[in-house]
Number of protein chains: 2
Amino acid sequence: MTADASAAPRRAGRPLEMVLSRTRITAAALALITTEGYGGFTMSSLARTLKVAPSALYNHVSSKQEVLQWLEDHVMTMVDVSGFGSEPWDDAMRRWAWSYRDVFARHSPLVPLVAVLPVTGAPETLKMYETVAVGLAGAGVPVETIIPAIVAVESFIFGSALDANAPADIFDTGELADSSPTFTAAVLGQDRSTGERPADVAFQFGLEALLAAVPATRPGPDA
Amino acid sequence: MTADASAAPRRAGRPLEMVLSRTRITAAALALITTEGYGGFTMSSLARTLKVAPSALYNHVSSKQEVLQWLEDHVMTMVDVSGFGSEPWDDAMRRWAWSYRDVFARHSPLVPLVAVLPVTGAPETLKMYETVAVGLAGAGVPVETIIPAIVAVESFIFGSALDANAPADIFDTGELADSSPTFTAAVLGQDRSTGERPADVAFQFGLEALLAAVPATRPGPDA
DNA sequence: ATCCGAAATGACCGGTCGTCATTTCGCGGA
DNA sequence: TCCGCGAAATGACGACCGGTCATTTCGGAT
């Protein structure tokens with residue numbers, strides 16, 4: 001369809017040389033966002049880091065959305081699925097879910113896009129799904145519950161990724177404290193003995209609840 | 001801080017009359033978004049429906065974000081918390097969670113904002129939290145687990161609200177089907193006998209899992 | 001030597017949020 | 001009764017955004 005990863009430079013001449021391609025654009029976008037954040041990510045700035053006019057990008061990309069979708073698919077490769085095939089299925093899921101959440105907590109603006117992005121055109125994402133599906137199937141999870149289980153865990157992960165970016169004082173009731181005594185007490189009564197961030201203990205709680213509900217019959221590939 | 005709900009008109013004269021206020025702006029924003037969707041929601045269009053110049057809005061609002069935050073707090077009043085105090089705690093939670101998801105599925109662009117919005121300045125949201133917290137406390141849930149439980153369920157709800165807007169064919173693997181046989185089989189093997197939408201069965205699955213993990217000692221206020 | 005076509009260019013468009021100096025006008029105090 | 005204060009609307013404007021399009025450049029194949 002569009003471009004290719006290889007493409008060895010032939011000479012040192014100015015133009016030609018496959019200046020723009022899906023992989024180069026994606027890499028530049030990732031680098032730009034890593035240093036400047038999503039606020040500073042514009043088609044102009046992206047073109048600037050690629051030493052190219054903004055309009056040149058549109059010879060390879062149909063919209064900014066598409067760049068973000070490429071980026072999202074690439075970011076998905078950072079999710080750790082190494083547990084599947086080498087750990088009990090639930091440990092593999094834990095490793096997967098935590099790293100999944102961490103990655104998208106760092107890329108929260110991408111979260112609303114995932115829901116819209118079909119797996120076609122997102123090969124890396126599909127690869128991840130396949131790995132997880134194989135892991136669950138291997139654990140004896142019935143076929144018809146694999147997708148609901150994945151979707152439920154994934155939804156929880158996305159919501160938690162957004163939550164991880166919440167300011168620490170988000171539940172400070174301030175002057176409205178006396179109109180919400182029970183909630184205020186609950187906020188103050190959180191267990192702060194362990195050093196874990198509140199978002200992490202909530203994620204831990206929810207993840208274990210979801211894993212406990214997955215009907216697996218076997219412990220995993222080699223546990 | 002800003003404006004007030006009452007404010008009775010005095011005459012039919014052109015100006016004066018409390019043209020703009022938090023409640024009127026919020027109501028207009030909701031009406032506009034209901035008819036035009038979030039894509040058509042701009043400060044200009046909002047001003048137009050209020051028969052006012054766009055810049056006039058900035059005498060009452062510091063940014064578009066703030067309008068959206070007002071809107072979000074208002075939307076929260078549409079969430080059904082009527083179960084708390086009249087049903088067993090878990091039924092109340094079910095009613096709450098489902099309506100919560102439905103409301104924000106219809107207002108998914110607001111989801112990324114909730115994570116950032118402190119409860120101060122969002123009194124309706126705080127009211128909802130208080131009701132839920134009272135319900136959980138009344139069910140004997142230990143104080144220190146109330147917040148993690150709420151946050152976990154809420155994160156799951158937000159993720160599911162995004163997921164509910166996914167296109168039906170999001171998991172169509174298309175031409176990449178043979179590179180992901182297990183996942184493709186799982187997609188095809190979903191239980192389609194019941195008429196439920198896939199997003200709904202995933203939500204059902206996840207919600208029950210989370211509720212089962214909430215350590216309640218009493219059934220509820222009057223069950 | 002010539003032509004083709006991929007790819008970069010720069011001007012340009014419509015629209016966005018937000019700012020600012022200025023004006024309007026009702027109301028309360030003298 | 002008059003006046004002036006201040007809240008609130010105005011419209012022009014700025015900076016920037018994503019995206020389009022006609023034009024140009026230039027390497028490689030014929």
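Chain letters run A, B, ... following the sequence lines, proteins first, then strands; residues in each count from 1.
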Legend entry - Thr131(A): side-chain hydrogen bond (donor to acceptor under 3.5 Å, both in side chains) partners, not counting sequence neighbours: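 Expected list: none.
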Inset, instruction - Taking the side chain as every heavy atom from C-beta outward, state whether Val61(A) and Trp70(A) have any pair of such atoms under 4.5 Å apart. - result: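 Yes - at least one pair of side-chain heavy atoms lies under 4.5 Å apart.
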Please list, one pair per line, the donor and acceptor atoms closer than 3.5 Å that link side chains of residues 110-121 of chain A to other protein atoms, with sequence neighbours excluded.
unit_1, atom_1, unit_2, atom_2, d
Thr120(A), OG1, Asp172(B), O, 2.9

Legend entry - Any His60(B) side-chain N or O less than 4.0 Å from OP1/OP2 of dA7(D):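 So the side-chain polar atoms of His60(B) never come under 4.0 Å of the phosphate oxygens OP1 or OP2 of dA7(D).
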Legend entry - Positive for side chain to side chain contact (heavy atoms under 4.5 Å, CB included) with Glu124(A), one of Val79(A), Asp73(A), Val75(A):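 Of the listed options, the one satisfying the test is Asp73(A).
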Inset, instruction - Please identify each residue that fulfils ring-ring contact (aromatic ring centres under 6.0 Å, His included) with Phe171(B), with sequence neighbours left out. - result: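 With neighbours one apart ignored, the set is Tyr129(A), Phe183(B).
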Any N/O pairs under 3.5 Å between the protein and nucleotides 10-12 of chain D? List them or say none.
unit_1, atom_1, unit_2, atom_2, d
dT10(D), OP2, Ala53(B), N, 2.4
dG11(D), N7, Ser55(B), OG, 2.9
dG11(D), O6, Ser55(B), OG, 2.4

Inset, instruction - Please state how far atom CD1 in Ile25(B) lies from atom C1' in dA8(D), giving the value in whole angstrom units. - result: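 Computing the Ile25(B):CD1 to dA8(D):C1' distance gives 12 Å.
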Inset, instruction - Quickly work out the Arg24(A) CZ to dA7(C) P distance and round it to whole Å. - result: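 After rounding, the reported distance stands at 13 Å.
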Inset, instruction - Please report the C-alpha distance between Glu196(A) and Thr194(A) in whole Å, then the side-chain angles of each, then the deciding distance to 0.1 Å, and finally whether the side-chain hydrogen bond (donor to acceptor under 3.5 Å, both in side chains) criterion is met. - result: CA-CA 6 Å; Glu196(A) 299 173 300; Thr194(A) 76; 3.2 Å; yes
Is there any protein nitrogen or oxygen under 3.5 Å from a nitrogen or oxygen in nucleotides 13-17 of chain C, and what are the pairs?
unit_1, atom_1, unit_2, atom_2, d
dC17(C), OP1, Met43(B), N, 3.3
dC17(C), OP1, Lys64(B), NZ, 2.9
dC17(C), OP2, Met43(B), N, 3.2

Inset, instruction - Applying ring-ring contact (aromatic ring centres under 6.0 Å, His included), run through Phe158(A) and Tyr100(A) and close with a yes or a no. - result: CA-CA 9 Å; Phe158(A) 292 146; Tyr100(A) 200 165; 5.7 Å; yes
Inset, instruction - Can you run down the side-chain hydrogen bond (donor to acceptor under 3.5 Å, both in side chains) pairs that involve residues 28-39 of chain B, sequence neighbours left out, and say none if there aren't any? - result: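 Listed by first then second residue: Tyr38(B)-His107(B).
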